[in-house]
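What's counted below: heavy atoms across the whole structure, side chains too, no hydrogens, waters or symmetry copies.
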Amino acid sequence: MNIKVALSILLLATSLGASAQRRGRKVAPKPLTAEELLKQKQDKLFGEMVDNTQRLFVIDSVVVDKSQALNSIPLSSDLGKIVEYNSYFKDKNLPGVYVYVNGFENKCYYAENDTAGVSKLYCREKLNSKWSVPQQIRGIESSLKHINFPFMTSDGETFFFAAKSDEGLGGYDIYMTRYDSDEGKFLEAENVGLPYNSHDDDFLFVEDDIHDFAWFATTRRQGDGKVCVYTIKTSKKRENYVAEAYDEDELKQLAMLSRIRDTWKSPKQRDDAMKQLEAIRTVAGSNSYSVESAFIVNDELAYNDATSFKSAESRSLYAQLMAEQAKLKQLNAAIDGQRVQYRNANGASKAQLAKAIQTNEKIKEKTIDKVRDLTLKIRKLENN
């Protein structure tokens, strides 16, 4: 073998060996960015939540400018209001912050962010026509960021708000907590889950638990500056979809509220709910919507005074209803005052106030039951 042939064989062997080494070597994957890691985490959380997707009855949806979302919700003034902090308090210190003011306009809730964007919830109470110094609310998890759009239901205990969190689905998520009167603080807030929340901004949850409606806003599948406001006909008991009854894609579509028609049990059920909603919107538009002045008889009829009732028995029951409503307002005011005293009390005085609050809460529950029973009796009489 001559020298040239030997060199050629040697070079070929070296090249083949190097090629084999390159084929056997694994290329290290490109590290994920912080944004990609967060998206991966959010997708995983969605997958964990999807089997517990709540079955909602979404009867309507409307797309509006984000600035008009509040105006799309016909909420009774008796149930309070959500307004811009700076506009309500004539203050320029908290731009973009929304405050919930209760129906009596003697208590409000809102959040302030620290320099790291972590929110602290505060409460203020009106005493002698003046708002008190803000008091930080106890019990709300401190890791939540940019808390906004608070709302308290009529029971004075169930509290909703929107917030951002590294443990959430993305953007604003809706959270819920309850007030523990025994401890004088709120319980740890919980993410309300699917389909309320998504990878986009979900916020502005409000509930009319007198007529069993709720609303919330979302930027999912919307263009810049737009939100979709969903209207929900609520039920007293939570019901989840049976995950085994759907394939994976069907359940995901329900979890994302891809089509509100898929939440209807029947078109007639939806039509009936829409008629009731239109009655509420009509009364709300007339600026006379309140428990005392407007009584919804059915999906198409609402009375604004006692003389509208057909029977003497209905008018008598309506008078009882108004008395129970007045009692309920007095109880709410008394409980609110006792809670203020409770926070500043100690020892035997605090124990005595706790007992008084518990007593009034029980009376309040019974009064609410009476209001519901009287309302149903009057409707039955008038519809017959």
Q: Given the rule in the side chain to side chain contact (heavy atoms under 4.5 Å, CB included) test, do Asp208 and His211 qualify, once you have shown the distances and angles that lead to the verdict?
A: CA-CA 6 Å; Asp208 178 347; His211 299 105; 3.1 Å; yes
Q: Can a side-chain donor-acceptor contact be found between Asn191 and Asn197 if the only test is distance below 3.5 angstrom?
A: yes
Q: Hey, does the side chain of Asn148 reach the backbone of Gly96 with a donor-acceptor pair shorter than 3.5 angstrom?
A: yes
Q: What side-chain hydrogen bond (donor to acceptor under 3.5 Å, both in side chains) pairs are there with at least one residue in residues 127-140, not counting sequence neighbours?
A: none
Q: Would you check if Ile137 and Ile140 make a side-chain contact, meaning some heavy-atom pair closer than 4.5 Å?
A: yes
Q: Working to the nearest 0.5 Å, report the span between NZ of Lys370 and CD of Gln320.
A: 9.5 Å
Q: With Lys233 as the cation and Phe213 as the aromatic partner, state whether NZ or CZ is under 6.0 Å from the six-membered ring centre and within 45° of the axis.
A: yes
Q: Mind checking salt bridge (Lys or Arg N to Asp or Glu O under 4.0 Å) for Arg55 and listing every partner two or more places apart, or none if nothing turns up?
A: Glu239
Q: What is the distance from atom CG of Asp224 to atom OG1 of Thr219, rounded to the nearest 0.5 Å?
A: 10.0 Å
Q: Taking Thr263 for its side chain and Phe57 for its backbone only, find out whether a donor-acceptor pair lies under 3.5 Å.
A: no
Q: In this structure, which one of Asn71, Val64, Leu70 forms a side-chain contact (heavy atoms from CB on, under 4.5 Å) with Val229?
A: Val64
Q: Would the Phe159 and Tyr109 ring centres measure less than 6.0 Å apart?
A: yes
Q: Decide if the gap between the ring center of Tyr318 and the ring center of Phe309 is smaller than 6.0 angstrom.
A: yes
